[in-house]
Amino acid sequence: MPDQSLPEARTSEAARTVPPSSEPSSPEGLTRRRLLGTAGATGLVLGAAGAAGGYAAAPAQATPLSSIGAGKAMFHVKHQPGITQGLQARGHLIAFDLAAGAGRKEAAALLRRWSETARRLMAGEAAPHDDTDIARDAGPSSLTVTFGFGHSFFARTGLEKLRPVALDPLPDFSSDHLDKSRSNGDLWVQIGADDALVAFHALRAIQKDAGNAAKVRWQMNGFNRTPGATAHPMTARNLMGQVDGTRNPKPAESDFERRIFVPESGTKDPAWMANGSYAVVRRIRMLLDDWEKLSTGAQEQVIGRRKADGAPLTGGDETTEMDLEKTDAHGDLVVPLNAHARITRPDQNGGAAMLRRPFSFHDGIDPDGTPDAGLLFVCWQADPLRGFVTVQRKLDRGDALSAFVRHESSGLYAVPGGAAEGGYVGQALLEG
C-alpha cells in the first residue's frame with residue numbers, strides 16, 4: 001500500500017496558549033471560558049487520521065474543540081469536495097445501481113436532487129425536504145459529499161460513447177479476494193464529516209433522495225482520528241500502529257494537478273471529465289492477528305520505517321529522504337528490497353503517484369475471533385492505469401506487506417469536476 005501523505009498541517013490561532021480566565025469558578029470548578037482555554041492550551045488538532053501502511057494520513061489545522069462544527073467546505077468548486085480536504089473523523093461510502101427502467105432522464109433528475117441536498121447540508125442547512133433532524137444541533141462539521149460514475153452507468157443510460165477509456169475494468173491482482181456484491185456499482189457517493197451524526201444525516205438524506213430511481217448496491221462505514229486527539233498536528237497512525245502517509249503528493253507541488261486531476265484540454269478523456277479525477281475504492285482487510293505477532297523490529301523491516309516516529313530505517317526524521325543504497329555492517333540493505341516504503345516510492349514506479357484519502361474500518365469480530373478491520377482505501381489520480389494499477393502491479397511482485405492484507409472489494413469511478421453555480425454534478429455528461 002503506497003507510502004505518501006496529504007497536505008501539510010495548517011497552523012491555527014487555537015494552538016496558542018489562552019491566558020487564565022478571571023471569571024469566577026462555577027460550583028463544578030470549571031467555567032466554559034476556562035474549559036475553552038484549556039482546550040486551546042493543549043493544541044487540539046482537526047482532521048488527523050489513520051490509514052494503512054503507506055496510505056495517506058492527513059493532519060489538519062489545530063482548533064478549539066468547540067469550533068469543530070463550524071468547519072465548512074464549499075460545494076460549487078472547480079474540483080468536487082472530498083478530494084483535497086483533510087481527512088474527516090467519520091465517513092460513509094455507498095454505491096447505487098439504477099432501478100430497472102431508469103435511464104438517462106432519471107439519472108439526471110437524481111444527480112440534480114443529490115447535488116442540491118449536498119449543497120445545503122455542506123452549508124449546515126436542513127435537507128430540502130423531509131429532514132430527519134439528526135444534525136439539527138450541529139454545524140457543517142467539514143461535511144463533504146462526492147459523486148462518481150461506475151463503468152456500468154454508461155450502458156444503463158445509453159452513454160457508452162462518452163465512457164472514458166480510463167474506466168476499463170481493473171486487472172486482477174494476487175491479493176484480491178473480491179466480493180462482487182460489494183464491488184463496483186452504477187453510481188458511487190463518498191460522505192465525510194468531523195461529526196458522526198452529521199455524516200449519518202447526509203447518508204440518510206442521499207439514500208432517501210434516491211427514491212425509485214436507484215437502489216443501494218453496497219454501503220461501508222469508516223473512521224479516522226477524532227479532531228483533538230493529538231497535542232499537535234502530525235501524520236497519523238494506521239490500524240497497524242505505523243506512522244503513515246509521509247510521501248503523498250501535496251497540492252503545493254508543481255505537478256500535483258497534472259497527476260491528480262483531468263486537464264481541461266489535451267487529454268484522451270471526454271470533455272465532461274475536465275477538472276475531474278478517477279477514484280479507486282478498495283476494502284482492504286488487515287490481518288491484524290498475524291501482524292501483531294511480529295516484533296516491532298520485524299514490522300519495521302516490512303514497512304521500511306521506524307514505528308516510533310515514521311522515520312526511514314536509514315536515519316533522520318519522518319521527512320528525511322530514504323537512502324535506498326545504505327547497507328549495514330554485514331553489507332545488507334538497511335531498507336529491504338521488499339519493504340513497502342521502498343516499493344511504493346514514485347521514483348521506483350516511473351513517477352506514478354496517487355492521492356490517498358482513506359477511512360479505517362472495523363466491522364466486528366468473525367466467529368473465529370478474527371477482527372474484521374482494515375482500510376476503506378480511496379485514491380485519486382488523473383489516470384488509474386498510471387497511478388493505482390502501476391503501483392499495485394509492483395506490490396504484487398513482492399511487497400512484504402502483502403502477506404498481512406487482503407483486498408476484499410473493489411470499485412473504479414469517474415468523478416467529474418465540481419458543479420457550477422445553479423448546476424449539478426455530471427450535468428455536462430447527462431445534458432451534453
Side-chain angles (χ1 to χ4, degrees), residues 1-2 4 6 49 51-52 55-56 58 73 77-88 91-96 111 114 118 144-154 163-171 173 178 182-192 206 217-220 222 224 248-249 251 256-262 267 269-270 272-284 352-359 361 375-392 407 409-419 425-426 429:
M1 294 179 286
Q4 304 171 3
L6 277 174
Y55 286 138
V77 287
K78 180 179 179 181
H79 309 300
Q80 281 197 60
I83 301 176
T84 60
Q85 284 85 3
L87 300 184
Q88 297 128 309
H92 302 290
L93 306 180
I94 184 168
F96 294 83
L111 266 296
W114 273 353
T144 60
V145 186
T146 317
F147 304 102
F149 304 110
H151 184 276
S152 56
F153 175 82
F154 297 84
R163 182 171 58 210
V165 174
L167 270 187
D168 286 351
L170 297 172
F173 301 105
L178 304 182
R182 294 196 295 182
S183 300
N184 304 315
D186 295 341
L187 294 155
W188 174 71
V189 185
Q190 173 191 255
I191 296 167
I206 291 297
R217 179 180 178 87
W218 57 259
Q219 193 261 313
M220 303 175 190
N224 283 310
N248 212 38
F256 179 84
E257 288 272 330
R258 176 180 61 81
R259 289 181 172 189
I260 308 305
F261 295 108
V262 175
T267 176
D269 292 274
W272 65 266
M273 271 297 292
N275 300 315
S277 188
Y278 293 95
V280 174
V281 180
R282 311 276 279 188
R283 186 184 195 269
I284 303 176
M354 49 191 164
L355 181 66
R356 286 153 306 282
R357 196 176 182 277
F359 294 94
F361 73 85
L375 188 79
L376 301 182
F377 169 71
V378 182
C379 77
W380 302 90
Q381 58 263 287
D383 182 350
L385 182 61
R386 295 197 68 249
F388 174 79
V389 173
T390 295
V391 176
Q392 191 62 33
H407 293 228
S409 71
S410 178
L412 171 61
Y413 307 96
V415 178
V425 173
L429 167 65

Distance, nearest 0.5 Å, that separates [atom1] of [X] from [atom2] of [Y]:
{"X": "Glu257", "Y": "Thr84", "atom1": "CD", "atom2": "OG1", "value": "8.5 Å"}
{"X": "Phe261", "Y": "Ile83", "atom1": "CZ", "atom2": "CD1", "value": "4.5 Å"}
{"X": "Leu429", "Y": "Phe153", "atom1": "CG", "atom2": "CZ", "value": "6.0 Å"}
{"X": "Ile206", "Y": "Trp114", "atom1": "CD1", "atom2": "CH2", "value": "6.5 Å"}
{"X": "Arg283", "Y": "Leu375", "atom1": "CZ", "atom2": "CG", "value": "10.5 Å"}
{"X": "Phe359", "Y": "Ile191", "atom1": "CZ", "atom2": "CD1", "value": "9.5 Å"}

Exercise. State, with a plain yes or no, whether a side-chain heavy atom of Val378 is found less than 4.5 Å away from one of Trp188.
Key: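 Yes, side chains in contact.
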Quiz item: So do the side chains of Leu87 and Pro358 get within less than 4.5 Å of each other, counting heavy atoms only?
Solution: yes
Any sub-3.5 Å donor-acceptor pair from [X]'s side-chain atoms to [Y]'s backbone N or O?
{"X": "Arg357", "Y": "Trp380", "result": "no"}
{"X": "Arg258", "Y": "Ala382", "result": "no"}
{"X": "Gln381", "Y": "Tyr278", "result": "yes"}
{"X": "Arg217", "Y": "Ile94", "result": "no"}
{"X": "Ser277", "Y": "Ile260", "result": "yes"}
{"X": "Gln80", "Y": "Pro416", "result": "yes"}
{"X": "Trp218", "Y": "Asn184", "result": "yes"}
{"X": "Asn224", "Y": "Gln88", "result": "yes"}

Quiz item: Given the rule in the ring-ring contact (aromatic ring centres under 6.0 Å, His included) test, do His407 and Phe173 qualify, once you have shown the distances and angles that lead to the verdict?
Solution: CA-CA 9 Å; His407 293 228; Phe173 301 105; 7.4 Å; no
Taking every non-hydrogen atom, the tightest pair across [X] and [Y]:
{"X": "His92", "Y": "Gln219", "value": "ND1-NE2, 3.6 Å"}
{"X": "Leu412", "Y": "Val280", "value": "CD1-CG2, 3.8 Å"}
{"X": "Thr144", "Y": "Ala73", "value": "CG2-CB, 3.7 Å"}
{"X": "Ser409", "Y": "Leu178", "value": "N-CD2, 3.6 Å"}
{"X": "Tyr413", "Y": "Ala95", "value": "OH-CB, 4.4 Å"}
{"X": "Thr390", "Y": "Ala352", "value": "CG2-CB, 3.8 Å"}

Quiz item: Parallel under 30°, tilted from 30 to 60°, perpendicular over 60°: which one fits the rings of Trp272 and Phe154?
Solution: tilted
Quiz item: Do Leu187 and Leu111 pass the side-chain contact (heavy atoms from CB on, under 4.5 Å) test, and can you show the C-alpha distance, the side-chain angles, and the key distance before you say yes or no?
Solution: CA-CA 10 Å; Leu187 294 155; Leu111 266 296; 4.0 Å; yes
